[in-house]
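Numbers here simply count residues along the sequence, with the first being 1.
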Amino acid sequence: MQATIQTTVKRSERKIASNILKGSLGNMIEWFDWYVYASFAIYFSGAFFPANNQTAELLATAGVFAIGFFMRPLGSFVMGRFADRKGRRAALTLSVSIMATGSLVIALVPTYAQIGIWSPIILIVTRLVQGLSLGGEYGTSATYMSEMASPNRRGFYSSFQYVTLIGGQLSALLVQIILQAIYTSQQLYAFGWRIPFAIGAAGAMVVLWLRLSMEESDQFKNSNRNNRQAGTLRLLAHYPKQVLTVVGMTLGGTISFYTYTTYLQQFMINTTGLSKKTAAMINFVALLVMVVLQPLFGHLSDRIGRKPLLIFFGIGGTLCTVPLFTLMAGASTALEALLLMIVGIVIVSGYTSINAIVKAELFPSEIRALGVGMPYGLTVALFGGTVNYIALWLRSIHLESAFFWYVSGAVFISLLVYAFVLKPGSLIDEEMTEPTTTD
């Protein structure tokens, strides 16, 4: 009898792991497609926004990166509503299809020299569509992983959302490093930057096939299928505190995440004075460390609770951001810059590893994808997507150090939410309860 129970449990765990893997791979390829833009901006910015000035070209490209983020709230609403009404699997499949199409368009679009103003227009429209797709990915993916995971391992399994999110960026950087080794700078500026977008489009098609075989979560099948209010703003209005909590939790986390994983590479090139190849290698190694940290922190949260890790991030981010960037600006060696970046990465991992599951635990099944995704998408659009632009703009007016304080202040606001808004004590033993609501 005991052997039979153990066999059933093992099969169940394998089933959970299989479905989460399929969802995670889709998450990774979507983020690969998204981050390829940031990783290769130094090579293709002049093709779309010729200005004969590297900072001006990067500023224009960063503006488009930010514009893509502003579609994410709309995407989180459209795709979150779709996921809460039609299913997590259907929404995840649709989002990766949209991202694949966008990457293929960017891989093929002519340059400004070939078709003039139509070139940046096509780029902007494509990034808007990709932003729509990515906006729905976070909330739906967080919901799916949290609902598929066993209660005592929710933190561990949900951490794979950021394992694959960072893995997407890591893959983009790996492709960048390989292409830098194969091609000269002139070749990368001329045509090499198109290759990763083509790779992303092909990878998304493979993931699309995998996602078609995913199973739907039992919580969706039991709670949402015949619920006419599922995924509506009317139902979301019953959870104002939870919505504001998601916004407050996300503010410092998203600014810190994009500062260390996206902007820092440009910072090391423009301010520290490292070469493009060295900066890319440092970023790659640091992100590899971050990937390893996510499941470790997630597993730790299953034992000690989510809140201590968020407090760790809040205190560390508030006190250490300014010193870390000040030291990095004057770093004399690549090793010194790498070690400083890893310190920042360890701090940020207190947020990234568990933020998705904490947010998912705030909402019932019938509004979970929309409840997690929409306030998150709004916050990321306003603050995460503008990190590069704000940092470069402050640099352009010779106030670069003000950006360090901006990041530190945002983390402090989130620390107040972690300390005083989230319920005290451990969240690990709480089930995802289904609060009752009234019309």
Tell me, please, which residues at least two apart from [X] pass ring pair (Phe, Tyr, Trp, His ring centres under 6.0 Å).
X    : value
Y162 : F257
Y376 : Y138
F160 : F156
Y112 : none

Please determine which of V207, D33, T101 meets the side chain to side chain contact (heavy atoms under 4.5 Å, CB included) test together with V96. V207
Applying side-chain contact (heavy atoms from CB on, under 4.5 Å), name anything that partners [X], two or more places apart in sequence or on another chain.
X    : value
L174 : I178, F284
L293 : V289, F297, I345, V346, S349
L296 : V292

Side chains of [X] and [Y]: does their closest heavy-atom pair fall under 4.5 Å?
X    : Y    : answer
D84  : R88  : yes
I342 : M290 : no
T143 : T140 : no

With sequence neighbours left out, write down each residue that passes side chain to side chain donor-acceptor pair (under 3.5 Å) with [X], or none if nothing qualifies.
X    : value
T259 : none
Q180 : Y43
T278 : S275
S133 : E30

Exactly one of Y189, F40, F191 should register a ring pair (Phe, Tyr, Trp, His ring centres under 6.0 Å) with Y183. Which one does? F191
Member of W31, F44, F32, F197 meeting the ring pair (Phe, Tyr, Trp, His ring centres under 6.0 Å) criterion with Y37: F44
Check whether S414 reaches the backbone of G248 with its side chain - one donor and one acceptor, N or O, closer than 3.5 Å. yes
Taking the six-membered ring for Trp, are Y406 and F403 parallel (under 30°), tilted (30 to 60°) or perpendicular (over 60°)? tilted
Residues 316-335 side chain polar contacts: donor-acceptor under 3.5 Å, at least two apart:
| from | atom 1 | to | atom 2 | distance (Å) |
| --- | --- | --- | --- | --- |
| T318 | OG1 | G314 | O | 2.7 |
| T318 | OG1 | F412 | N | 3.4 |
| T321 | OG1 | G317 | O | 2.5 |
| T326 | OG1 | V322 | O | 2.8 |
| S332 | OG | E336 | OE1 | 3.3 |
| T333 | OG1 | E336 | N | 3.2 |

Run the side-chain hydrogen bond (donor to acceptor under 3.5 Å, both in side chains) test on K307 and S301 for me, step by step, so that the C-alpha distance in whole Å, both residues' side-chain angles and the decisive distance to 0.1 Å come before the verdict. CA-CA 8 Å; K307 191 167 182 175; S301 79; over 6 Å; no
